[in-house]
Amino acid sequence: MAFIEINQLSFSYPLMTNNALQSINLQIEQGEFVVLCGTSGCGKSTLLKQLKRELTPHGHSTGEILFKGKLLADLTQREAAASIGYVLQNPDNQIVTDKVWHELSFGLENLGVDTLTTRRRVAEMASFFGIQNWFRKDTKELSGGQKQLLNLASIMVMQPKLLILDEPTSQLDPIAASEFIATLQKLNRELGLTIILVEHRLEEVYAVADRVVIMENGQIIANDTPRQAANTLRKYDVHHAMLLGLPTPLRVHHALISQQPTPLTIREGASWLSHSFKAESHPLPPLERAKQNKLLEVNDVWFRYAKDSEDIVRGLNFNLYEGQFLSVLGGNGTGKSTALGLIAGLLTPHRGKIMLANKNLKKYKNNELYTSWIAMLPQDPTTLLVEKEVASEFSAITDDEDAIQRVIDMLQLHPLLKQHPYDLSGGEQQKVALGKVLLKNPKLLILDEPTKGLDGESKRILAKILAALQKQGTTILMVTHDIEFSAEHAELCAMFFDGQIVAIDSPARFYSGNHFYTTAANRMCRHLFSDVITTEQLVARCQKQMAGVML
């Protein structure tokens, strides 16, 4: 008997003619670590929510789900709440109390667990997750990584049999994401916990899975070990959009049509490259001189949220020129999003000044600033989604039908127009919110985690849009944890630390000098090609050597 058994499961949202899930059949054994992936809108999140009865969306479903041989619908409320844990994509959406210690005990209190047992379990989980140092903190003071770790601990304290996670690392910086995945590995390996994880960022998690399930259009198209699932996907469609989301070692191996064993990890990929290619030394390209017309000037800006609190932004200084694309990286809680809020005019610094087109930002009227100059895509796209239909989101911005159609075509939003924005996946919501922002035609486009929830093909579409905007003279300021996207498409990269930008350089110089804040391609090949930072560059360098050998 399988631990989880899904039989002929289909599901459709209200008013939708097509099924979001189509005859899903899937068995998961106890103690398995399963990664569920696919392009945005393929049905991953919808399938996950079917497994957590309290989160199942409104709609029509057929088929059945068995949990330990028992129909999921027949579980008692206590069994369902305690046995099946669910970690949401946005950590802020799951925290319900004001203190860390109260958050840890909240689930047990609701289950009616006695005080002595609650204290023992909370102490054990706080120790296991290393929470004891911030045990008495306010939850609002935590960084994104700490909040997500707290969410996981708050689920684990109830001792679930199944742990479900929906893109839990999407808002975490690279180091925090790596640590979070390592924690999941430990829970799976040491406790035998069954884990089902949906993720777009596959570099860290793909290789540690026991099984990978790939979905498309509400159906399962691959269900196998990580290596075999990738090979199945390639045989299914050699140009499949999901291939762009696979880990770098797999993508490089596939691109070179190598007959060697398929590498899954950076270590395996580095070893394969060492045996197949020789080292080359190339000088790093110099940092190009800034464009002439300065659009944004940030001078010694300081900001704190309360008079008696510490400064979040500390002496921020940098300039942006017309048509530049600056990507800002840094750890969770360092002040990046706060800095964007200051530049967008949503927050006011207590010291320093921000100049936009040689005019103090404070002197712009809101209707002028947000219709002619600045548009911002926030970290949470749902803050921009206020209508009952996706189509209405766009018509609320402008009555220019041609402009709306261009945005719909660019972002491939045609199938979503009649849907409610809150029925969409995280990646689809991100694309709709981006469409609304693009309709503003801003001179300065501010993006806070724009690739969050997007699959590889959607990222490629976004990159083309940003490149076209740059050619038109639009200046782009992006905060991101997506190192691969930043390395491939940004013109400049900056490190944000301790409330300020501490370094700005070209992508090649920036990423080749880092050990952790660098791309998977660079980590895999830096012993051979120190200047290579993207998968495409690595493939091109290897192909060049192969061509030389054949000649």
Are the side chain of [X] and the backbone N or O of [Y] linked by a donor-acceptor pair below 3.5 Å?
X: Tyr206; Y: Pro226; result: yes
X: Lys44; Y: Gly38; result: yes
X: Asn317; Y: Asp300; result: yes
X: Asp210; Y: Phe33; result: yes
X: Tyr517; Y: Asp173; result: no
X: Lys431; Y: Leu413; result: no
X: Ser486; Y: Ser327; result: no
X: Ser178; Y: Ile175; result: no
X: Thr56; Y: Lys49; result: yes
X: Asp380; Y: Thr382; result: yes

Check step by step if side-chain contact (heavy atoms from CB on, under 4.5 Å) holds for Val313 and Trp302. CA-CA 5 Å; Val313 175; Trp302 294 70; 6.0 Å; no
Spatial distance of atom [atom1] ([X]) from atom [atom2] ([Y]) [nearest 0.5 Å]:
X: Met242; Y: Leu202; atom1: CE; atom2: CG; result: 4.5 Å
X: Thr348; Y: Leu342; atom1: OG1; atom2: CG; result: 8.0 Å
X: Arg526; Y: Ile533; atom1: CZ; atom2: CD1; result: 11.0 Å
X: Arg351; Y: Phe303; atom1: CZ; atom2: CZ; result: 14.5 Å
X: Leu466; Y: Lys459; atom1: CG; atom2: NZ; result: 13.0 Å
X: Leu377; Y: Leu445; atom1: CG; atom2: CG; result: 8.0 Å

Kindly assign one of parallel, tilted or perpendicular to the pair Tyr13 and Phe11, based on the angle between their ring planes and the thresholds 30° and 60°. perpendicular
[Y] versus [X], side-chain donor and acceptor atoms under 3.5 Å:
X: Asp311; Y: His350; answer: yes
X: Ser154; Y: Asn151; answer: no
X: Glu204; Y: Thr169; answer: no
X: Thr97; Y: Glu103; answer: yes
X: Ser458; Y: Asp455; answer: yes
X: Thr534; Y: Glu488; answer: no
X: Thr480; Y: Asp482; answer: no

Would Glu457 and Thr39 count as a side-chain hydrogen bond (donor to acceptor under 3.5 Å, both in side chains) here? Give the steps. CA-CA 8 Å; Glu457 180 61 23; Thr39 56; over 6 Å; no
For the pair Thr519 and Asn522, evaluate side-chain hydrogen bond (donor to acceptor under 3.5 Å, both in side chains) and give the outcome as yes or no after the intermediate values. CA-CA 5 Å; Thr519 62; Asn522 183 258; 5.4 Å; no
Before giving the answer on side-chain contact (heavy atoms from CB on, under 4.5 Å), spell out for Gln146 and Thr139 the whole-Å C-alpha distance, their side-chain angles and the decisive distance to 0.1 Å. CA-CA 9 Å; Gln146 288 174 324; Thr139 52; over 6 Å; no
Student check: side-chain heavy atoms of [X] and [Y] closer than 4.5 Å:
X: Leu55; Y: Leu88; value: yes
X: Leu111; Y: Arg78; value: yes
X: Phe516; Y: Thr518; value: no
X: Phe318; Y: Ile343; value: yes
X: Leu329; Y: Tyr511; value: yes
X: Lys99; Y: Phe135; value: no
X: His200; Y: Cys37; value: no
X: Lys353; Y: Val301; value: no

Please determine whether a side-chain nitrogen of the Lys or Arg among [X] and [Y] lies less than 4.0 Å from a carboxylate oxygen of the Asp or Glu.
X: Lys52; Y: Glu54; answer: yes
X: Arg211; Y: Glu32; answer: yes
X: Asp498; Y: Arg314; answer: yes

Tell me if the [atom1] atom of [X] is crowded by more than 12 foreign heavy atoms within 6.0 Å.
X: Phe497; atom1: CZ; answer: no
X: Gln77; atom1: CD; answer: no
X: Arg53; atom1: CZ; answer: yes
X: Arg267; atom1: CZ; answer: no

Search all heavy atoms of [X] against all heavy atoms of [Y] and return the closest pair with its distance.
X: Leu384; Y: Met376; answer: CD1-O, 4.1 Å
X: Lys336; Y: His481; answer: NZ-CE1, 3.8 Å
X: Asp166; Y: Ser45; answer: OD2-OG, 3.1 Å
X: Ala176; Y: Asn332; answer: CB-OD1, 4.0 Å
X: Gln148; Y: Leu172; answer: CB-CD2, 4.2 Å
X: Gly330; Y: Thr334; answer: C-OG1, 4.3 Å

Step-by-step ring-ring contact (aromatic ring centres under 6.0 Å, His included) determination, Phe3 to Phe67: CA-CA 6 Å; Phe3 187 67; Phe67 178 70; 5.2 Å; yes
Those residues that, when tested against Glu79, pass salt bridge (Lys or Arg N to Asp or Glu O under 4.0 Å) (two or more places apart): Lys70
Let me see the working for Ser337 and Gln379 under side-chain hydrogen bond (donor to acceptor under 3.5 Å, both in side chains), right down to the final yes or no. CA-CA 8 Å; Ser337 293; Gln379 196 171 109; 3.3 Å; yes
Under the side-chain contact (heavy atoms from CB on, under 4.5 Å) criterion, do Val35 and Val213 qualify, and how do the steps go? CA-CA 6 Å; Val35 169; Val213 178; over 6 Å; no
Verdict with reasoning, Thr475 to Leu296, per side-chain contact (heavy atoms from CB on, under 4.5 Å): CA-CA 9 Å; Thr475 305; Leu296 180 71; over 6 Å; no
